[in-house]
Structures are given as structure tokens and as C-alpha cells.
Amino acid sequence: MNWDDLKYYLAVARNKSLSEAARGLHVSPSTVSRRIDALEQALGTRLFSRRQDGYDLNEAGANLLSTAEQAEAHLLWLERGAAKSEAETAGIVRLVMPELLGQYLIIPQLGPLQRQYPEIQLEVVTDVRPSPLTKREADIVIRLNRPTQGDYTVQRIGQLSQSLYASSEYLKEVGIPAQASDLSHHRLIGWDSELAYLPLARWLEERPNLPAIYIRTGNFHAQLMAVKAHLGVAALPRFAAERFSLQRVFADETPLQSEIWLIKQSDSRRLKRVNIVANYIAGIITAAQDRLA
């Protein structure tokens with residue numbers, strides 16, 4: 001088999017669409033289709049169930065997924081310069097961090113790091129979903145929950161406070177809720193069903209007498225923009241809500257506090273460039289604690 005075909009398989013498995021996979025890989029859909037056919041022929045089995053509206057993994061395809069992701073992670077690790085000297089600063093450092101924390105706090109403050117170490121290249125992924133720690137997908141991961149197993153180093157670098165927020169214009173229109181039962185008259189902005197497991201989603205939706213969620217989204221930025229547009233009430237990190245002058249609802253309520261953890265993969269923690277970036281990010285979080293917690 002051609003090992004390069006695995007990336008086409010993974011793109012289709014993740015996007016469930018030839019056209020979306022092709023867009024991400026910067027090739028044509030026919031190229032993706034041809035490479036999937038070649039991989040299936042090499043393995044002697046079908047990996048996908050073809051439907052009119054997309055591609056779904058069949059049993060054989062699902063069985064291959066974990067192994068293919070591990071192979072991908074090892075190749076990404078090699079691309080990031082695994083063979084370079086541990087003392088070398090030049091090379092790629094891949095970061096995975098929570099969406100708003102990355103977009104509104106960490107990324108805007110990377111300028112001094114870039115100027116001091118121009119030879120370090122950063123690959124930054126911001127996502128609300130916790131990054132899996134069993135693969136070599138990232139050198140540094142910032143998470144809001146402490147991992148309990150795995151071969152990596154863990155450092156607590158701060159706390160993050162999250163509460164209910166709305167715009168002042170929205171509260172003028174609908175009224176300021178005095179107690180939890182008053183939320184039944186409000187429009188809530190929450191998470192789609194795939195992200196219902198998130199602590200913040202549970203913290204919001206496990207309240208009694210909640211109305212139906214008015215808008216469900218798959219990311220924090222969409223929720224933040226919906227609240228900014230006076231569409232309703234959402235649970236948001238304090239630092240991001242205050243950046244847009246949003247008003248906290250139930251000011252006397254204890255906010256949801258999450259600890260911020262910096263995690264370095266076992267293979268990465270020996271690299272000088274990884275430790276430079278990790279220490280710099282830890283410094284950003286520490287300096288911002290008055291706004292975060």
C-alpha cells in the first residue's frame with residue numbers, strides 16, 4: 001500500500017465528504033476518490049459506505065481509524081523536526097489550546113516571542129474540544145481539565161472563571177433575571193448535541209426550569225458573537241465577555257471555575273524550543289490571572 005493514501009482516508013473519515021476532504025487537502029475530489037479506491041484495493045476491503053449525501057466509515061473503516069491516526073501523529077512528529085538536536089531552537093512547535101483562550105489572550109501576545117526566537121515556527125490549533133493526549137498531535141496542550149493518565153508532564157498555570165453573560169441592550173429589552181427561575185423568560189445560547197458533554201454545557205443545561213435553547217452552536221466564538229448581537233444569554237469565560245463589555249447575569253452566583261493545565265508530550269518536553277514556548281505561554285496565563293479568575 002501507499003502510506004500517503006492514509007491522509008486521504010483520514011480526511012474523508014473526518015469530513016464525511018469527498019469535496020470537503022479535497023478542499024482541505026488542496027486537491028480535486030476525483031483525486032481523493034482515486035486514492036481511496038487505491039487504498040481499499042491494497043487492503044482488500046471497503047472502508048466506506050458510499051451514500052448520496054456523503055461517505056460513512058463501515059466496520060472495516062472504523063477499525064482502521066485509530067491505527068491511521070497514530071501513523072499520522074508519528075509522521076507529523078517527524079515533520080516537526082524529531083531528528084533535530086534537543087538543544088536546537090529552530091523548528092516547529094505545535095500548540096493546541098482552548099478556543100477563546102487562544103484567540104483572545106495567547107495569540108495576540110506572541111509578538112515578543114516571535115521577535116526573540118524568529119527561528120521557531122508555531123502551528124496553533126484552537127478548539128473547544130479537548131485534544132486527545134494519546135497521540136503525538138501536539139507538543140504543548142493547554143486544557144481546562146487535568147489528565148489522569150499518559151506519558152507527559154503536567155503543570156497548573158492558572159484558573160478560568162466562566163459565568164452567564166448577556167449584552168446590556170438585551171437585558172434592557174427582556175429584563176434582568178433576579179433568580180434562576182427567571183431564565184424561563186429568556187433566550188439561551190448553548191451547545192449542539194455533539195458537545196453536550198462539555199463541563200460548561202452541563203453547567204448551563206442542568207439548571208432547573210430552563211427554557212429550550214434558542215441557538216445551539218459548536219464553538220465559543222459563535223456564542224460570543226450571538227450574545228454581542230443581543231440574541232440571548234450564554235455561559236462564557238469572564239475575560240472574553242468583559243472584552244466586549246457584556247454584563248454578567250446573577251452577579252452573586254458562584255461562577256464555574258476551571259483550572260488551566262499546560263501539558264507537554266513526553267517526546268517533546270526534552271526539546272529546547274518546546275520549553276521556550278511552554279514557559280512563555282505559562283507567563284501569559286500567570287500575568288492575566290486578574291482577568292481570568
Side-chain angles (χ1 to χ4, degrees), residues 1-97 119-127 129-141 143 147 149-153 194 263-274 277:
M1 62 170 284
N2 182 345
W3 289 97
D4 198 43
D5 289 343
L6 282 177
K7 73 180 180 183
Y8 294 89
Y9 154 80
L10 286 169
V12 176
R14 289 163 178 162
N15 291 282
K16 301 182 184 298
S17 161
L18 283 184
S19 57
E20 289 300 317
R23 187 176 293 112
L25 294 168
H26 307 291
V27 297
S28 68
S30 61
T31 297
V32 178
S33 178
R34 186 171 66 253
R35 301 298 288 267
I36 293 296
D37 288 343
L39 179 62
E40 290 179 330
Q41 186 172 354
L43 296 175
T45 184
R46 287 279 188 180
L47 301 173
F48 294 94
S49 300
R50 276 76 164 169
R51 297 179 291 101
Q52 243 183 345
D53 58 344
Y55 278 48
D56 280 333
L57 289 172
N58 59 21
E59 185 177 358
N63 289 339
L64 177 63
L65 185 60
S66 176
T67 303
E69 287 182 331
Q70 290 177 36
E72 177 192 47
H74 282 280
L75 290 171
L76 289 172
W77 166 247
L78 289 171
E79 284 181 2
R80 293 202 300 272
K84 291 187 177 181
S85 164
E86 293 178 2
E88 230 180 300
T89 56
I92 297 170
V93 177
R94 185 171 172 84
L95 311 167
V96 177
M97 60 189 71
E119 69 277 15
I120 294 178
Q121 300 167 271
L122 300 180
E123 291 183 358
V124 181
V125 177
T126 60
D127 200 339
R129 298 164 182 80
S131 172
L133 296 174
T134 54
K135 308 164 193 163
R136 293 172 172 173
E137 290 184 347
D139 301 303
I140 300 169
V141 178
R143 283 179 63 163
Q149 57 185 352
D151 187 13
Y152 36 72
T153 59
E194 289 185 6
I263 301 152
K264 287 184 284 188
Q265 296 286 14
S266 58
D267 293 320
S268 301
R269 63 192 180 207
R270 299 186 300 271
L271 302 179
K272 183 176 180 179
R273 64 181 180 274
V274 170
V277 176

Residue pair Leu18, Val12: steps toward the side chain to side chain contact (heavy atoms under 4.5 Å, CB included) verdict: CA-CA 6 Å; Leu18 283 184; Val12 176; 4.0 Å; yes

Pairwise distance CD1(Ile92) to CD1(Ile120) - rounded to 0.5 angstrom: 12.0 Å

Main-chain N/O of Ser17 paired to Asn15 side chain as donor or acceptor, under 3.5 Å: no

Residue pair Leu57, Phe48: steps toward the side chain to side chain contact (heavy atoms under 4.5 Å, CB included) verdict: CA-CA 4 Å; Leu57 289 172; Phe48 294 94; 3.4 Å; yes

Steps toward side chain to side chain contact (heavy atoms under 4.5 Å, CB included) verdict (Val96, Asp127): CA-CA 8 Å; Val96 177; Asp127 200 339; 5.6 Å; no

Val32 versus Leu25, closest heavy-atom pair with distance: CG2-CD1, 4.4 Å

Nearest-0.5 Å distance that lies between atom OG1 in Thr45 and atom CG in Leu39: 10.0 Å

Tyr9 side chain to Leu65 backbone, donor-acceptor under 3.5 Å: yes

Gap between atom OG1 of Thr126 and atom CE of Met97 - 0.5 Å precision: 8.0 Å

Asp5 side chain vs Ala38 backbone, donor-acceptor pair below 3.5 Å: no

Atom pair OG (Ser49) and CG (Asn58), whose distance is rounded to the nearest 0.5 Å: 5.0 Å

Nearest atoms (heavy-atom pairs only) where Ser28 meets Ala22: C-CB, 3.7 Å

Audit row: Leu64, Leu43, side chain to side chain contact (heavy atoms under 4.5 Å, CB included) steps and yes/no: CA-CA 10 Å; Leu64 177 63; Leu43 296 175; 4.0 Å; yes

side-chain hydrogen bond (donor to acceptor under 3.5 Å, both in side chains) partners for Arg50, two or more places apart: Asp37, Glu40

Reported CD-to-CZ distance for the pair Gln121 and Arg273, which is rounded to 0.5 angstrom: 9.5 Å

Partners meeting side-chain hydrogen bond (donor to acceptor under 3.5 Å, both in side chains) with Thr153 (sequence neighbours left out): none

Side-chain heavy atoms of Ile140 within contact of Val93, under 4.5 Å: yes

Flag if over 12 foreign heavy atoms under 6.0 Å of CD, Glu194: no

Reported NZ-to-CZ distance for the pair Lys7 and Arg35, which is rounded to 0.5 angstrom: 7.0 Å

